[in-house]
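A short worksheet on the structure shown next.
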Amino acid sequence: MKIFHTADWHLGKLVQGVYMTEDQHFILEQFIAAIDQEQPDVIIIAGDLYDRAIPPVDAVDLLDDILSKISLQRKIPVLAIAGNHDSPTRLQFGRQLMQRAGLHIVGDFSELQQPVVLNDGHGEVHFHLIPFAEPATVKTVLQDETILTYDDAMRKTIEHIVSNLDTNARHIAIAHAFVTPNGDKQDNTSDSERPLAIGGSECVNAHYFEPFHYTALGHLHRAHYVLNETIRYAGSPLKYSASEASHEKGFLVIDLMADGKVTVTKRPFIPRRDLRMVEGTLQEILQHKESEDYVFIRLTDTTPVIGAMEQLRTVYKNALHVERKTIFVERDEERVIMRDQLDERTLFQGFMKEMTGEEPSQHALQLFDEALQELLMEEREEETVK
């Protein structure tokens, strides 16, 4: 069975005030062309189809157009789940009707879903769709008071799935989560992706997915595998922030063999405009060749620069952001840190040290973490009910 694995489309995305819908349409037409060329048996979209719970009309129309081309015109099954940016109930509206067209979308974690069963010449392949859900939601659905973290929620969910696995079939998991080799805290691969929780409590142990022949993940925007090559992120199809400038975007082609073994090949996407970082003095950059790329510009001038963006756009007409290089000095070692690369906790620590001359206490950090976690949950709840 040949599977296309993609994720994190973020349709309706705004990058520094610029809607990316035309760029997304350009990329997704490449995806359709790849489908026509390689004839996959199934398409996986592992969450964050939209960038926010109430996407703009153009984004809804684009998703409708692409899914119609795949499911209705080409008769290829699509398996999709909600990510943390999606509205679960909106995403799966008309679910029963869509299933008849081969479009299987699971938004709400309202119950443990039965797997979607597809067949190839070697028998059944069971696809287990695990949408993003808050730990409190999973605790309620599974009636398990021990579930407190995202790691708990995923572990208990997979335990229920594994307890009913058909040993005669091959099994694919589809999930949207922050998965790390041992559930330990790691930095996100993109600062365009909002945190799910504070500290390391958003991370999920990759070992839980070992019972599956392949795990298709969404949430992190850089394509990579976790723990082993059968547990993979496809990454986002486009660069959505300066932190993704070095990413190589594309989708994954999974060839699932009769014995459950897989081979994985990455296919690149060629964007309408690249997104990259440009660094130098204003005068140096003004000597560059004109380009229509999306650029984040970092000026190294040591003196004030007046009207920098207006001048820079004579060379880079789609310049998105300009900033001055910032240097922090720590322990007599000079290191460069850009403020937009710092998380909220680190910014809070720096603010407290600057204001009081001392590092915040562990109690103060705990209070900050709790307050920020409440804000993150409130933000997701507000987006869902809008």
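In what follows, every heavy atom counts, from backbone to side chain, and hydrogens, waters and symmetry copies are set aside. Since the model is a prediction, treat every value here as computed from it, not as a measurement. Residue numbers count from 1 along this sequence.
- Glu290 CD: 12 or fewer foreign heavy atoms inside a 6.0 Å radius.
- Of the inter-residue distances, the one linking Thr230 atom OG1 with Lys261 atom NZ reads 12.5 Å to the nearest 0.5 angstrom.
- Using a 4.5 Å cut-off on side-chain heavy atoms (C-beta onward), Phe127 and Ile3 make contact.
- Counting heavy atoms from C-beta outward, Met154 and Asn205 have side chains that stay 4.5 Å or more apart.
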request  = Assess whether salt bridge (Lys or Arg N to Asp or Glu O under 4.0 Å) is satisfied between Arg298 and Glu279, documenting all intermediate values.
outcome  = CA-CA 5 Å; Arg298 187 174 295 159; Glu279 183 172 312; 3.5 Å; yes

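- The shortest distance between side-chain heavy atoms of Leu275 and Glu244 does not fall below 4.5 Å.
- The aromatic rings of Phe31 and Trp9 stand perpendicular to each other, their planes meeting at an angle above 60°, with 30° marking the opposite boundary.
- Between the side chain of Lys75 and the backbone N or O of Leu72, at least one donor-acceptor pair lies under 3.5 Å.
- The closest side-chain donor-acceptor pair between Asp65 and Ser68, if any, does not fall under 3.5 angstrom.
- Dense packing is recorded around CD of Glu29, with more than 12 heavy atoms of other residues, nucleotides or ligands lying under 6.0 Å away.
- Glu159 has its side chain out of reach of Val162: every pair of non-hydrogen atoms, C-beta onward, lies at least 4.5 Å apart.
- Heavy atoms from other residues, nucleotides or ligands lying under 6.0 Å from NZ of Lys317 number 12 at most.
- One hydrophobic cluster holds both Val322 and Val295 under the rule that ILVMFWY side chains link at heavy-atom gaps under 4.5 Å.
- Looking at Lys266, its side chain does come within 3.5 Å of a backbone N or O of Glu248 through a donor-acceptor pair.
- The closest side-chain donor-acceptor pair between Asp301 and Thr303, if any, does not fall under 3.5 angstrom.
- The shortest non-hydrogen separation linking Gln113 to Leu129 is CG-O, 4.3 Å.
- Applying the 6.0 Å contact sphere to CD of Gln73 captures more than 12 heavy atoms from other residues, nucleotides or ligands.
- The backbone N or O of Tyr316 sits nowhere less than 3.5 Å from a side-chain atom of Ser291 that would complete a donor-acceptor pair.
- Separating the NZ atom in Lys156 from the CD atom in Gln143 is a distance of 13.5 Å, to the nearest 0.5 Å.
- Taking each heavy atom of Phe296 and Ser241 in turn, the nearest pair found is CE1-C, 4.3 Å.
- In this structure, CZ in Phe209 is found 8.5 Å from CD1 in Ile161, a value given to the nearest 0.5 Å.
- Between Arg273 and Glu22, no side-chain nitrogen of the basic residue sits less than 4.0 Å from a carboxylate oxygen of the acidic one, so the salt-bridge criterion is not met.
- Checked by atom type and distance alone, the side chain of Asn318 pairs as donor or acceptor with a backbone atom of Glu292 at under 3.5 Å.
- Put simply, the side chain of Lys239 gets close to the backbone of Ala245: a donor and an acceptor are under 3.5 Å apart.
- Nearest heavy atoms, Val15 versus Lys13: CG2-CG, 3.9 Å.
- When the side chains of ILVMFWY residues are joined at heavy-atom separations under 4.5 Å, either directly or via intervening members, Leu62 and Ile35 end up in a single hydrophobic cluster.
- Residues Leu91 and Ile81 do not share a hydrophobic cluster, clusters being chains of Ile/Leu/Val/Met/Phe/Trp/Tyr side chains in contact below 4.5 Å.
- With Gln30 contributing its side chain and Ile270 its backbone, the two residues share a donor-acceptor pair below 3.5 Å.
- Between Arg232 and Glu229 there is a salt bridge, since a side-chain N of the basic residue sits under 4.0 Å from a carboxylate O of the acidic one.
- Counting only distance, with no hydrogens or angles, the side chain of Thr140 and the backbone of Ala136 share a donor-acceptor pair below 3.5 Å.
- Using the six-membered ring where Trp is involved, His5 and Tyr214 have ring planes that are perpendicular, over 60° apart on the 30 and 60° scheme.
- Put simply, CD1 on Ile105 and CG on Asp86 are 9.0 Å apart, with the number rounded to the nearest 0.5 Å.
- Side-chain contact between Leu112 and Val141 is absent, with no heavy-atom pair separated by less than 4.5 Å.
- A pairwise comparison of heavy atoms in Arg52 and Tyr19 identifies NH2-OH, 3.4 Å as the closest pair.
- Arg170 and Asp120 are joined by a salt bridge, as a carboxylate oxygen and a charged side-chain nitrogen come within less than 4.0 angstrom of each other.
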request  = Start with the C-alpha gap between Thr149 and Asp151, add the side-chain angles, then the distance that decides, and say whether side chain to side chain donor-acceptor pair (under 3.5 Å) holds.
outcome  = CA-CA 5 Å; Thr149 66; Asp151 186 82; 5.0 Å; no

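- How far CG of Leu312 is from NE2 of His321: 11.5 Å, rounded to the nearest 0.5 Å.
- Contact check for Phe348 versus Pro360: side-chain heavy atoms found under the 4.5 Å cut-off.
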request  = Step by step, work out the side chain to side chain contact (heavy atoms under 4.5 Å, CB included) result for Leu299 and Ile285.
outcome  = CA-CA 9 Å; Leu299 294 178; Ile285 295 173; 3.9 Å; yes

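- Here His171 and Phe212 keep their ring centres 6.0 angstrom or further from each other.
- Between the His85 side chain and the Gly83 main chain, no donor and acceptor come within less than 3.5 Å of each other.
- Ring geometry for Tyr240 versus His221: interplanar angle over 60°, hence perpendicular rather than tilted (30 to 60°).
- The CG atom of Asp293 sits 11.5 Å away from the CZ atom of Arg272 when rounded to the nearest 0.5 Å.
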ask   = How far apart are the C-alpha atoms of Gln39 and Ile76, what are their side-chain angles, what is the distance that settles it, and do they pass the side chain to side chain contact (heavy atoms under 4.5 Å, CB included) test?
value = CA-CA 9 Å; Gln39 297 293 308; Ile76 299 174; 5.6 Å; no

query = What do the steps show when you test Met20 against His10 for side chain to side chain contact (heavy atoms under 4.5 Å, CB included), and what is the final call?
reply = CA-CA 9 Å; Met20 304 299 290; His10 287 275; over 6 Å; no

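- Counting heavy-atom neighbours within 6.0 Å of Gln16 CD, excluding the residue itself, gives a total above 12.
- A donor-acceptor pair is defined here as one N or O able to donate and one able to accept, closer than 3.5 Å; such a pair exists between the side chain of Asp144 and the backbone of Thr146.
- Using a 3.5 Å distance cut-off with no hydrogens or angles, the side chains of Ser236 and Lys249 do pair a donor with an acceptor.
- Val179 and Tyr233 get closest at one heavy-atom pair: N-OH, 2.7 Å.
- No side-chain donor-acceptor contact under 3.5 Å links Asp8 and His219.
- One hydrophobic cluster, built from ILVMFWY side chains closer than 4.5 Å, holds both Ile32 and Phe251.
- Ring geometry, His176 versus Phe132: the interplanar angle exceeds 60°, so the pair is classed perpendicular (tilted spans 30 to 60°).
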request  = May I have the step-by-step check of side chain to side chain contact (heavy atoms under 4.5 Å, CB included) for Leu49 and Leu11, ending in yes or no?
outcome  = CA-CA 6 Å; Leu49 285 76; Leu11 301 182; 5.6 Å; no

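- Phe178 and Gln186 get closest at one heavy-atom pair: CZ-O, 3.3 Å.
- Both Ile174 and Val42 sit in one connected hydrophobic cluster of ILVMFWY residues. Membership requires side-chain heavy atoms under 4.5 Å apart, directly or through other members.
- With Arg74 contributing its side chain and Asp36 its backbone, the two residues share no donor-acceptor pair below 3.5 Å.
- No hydrogens or angles considered: a donor-acceptor pair under 3.5 Å links the side chains of Tyr150 and Glu134.
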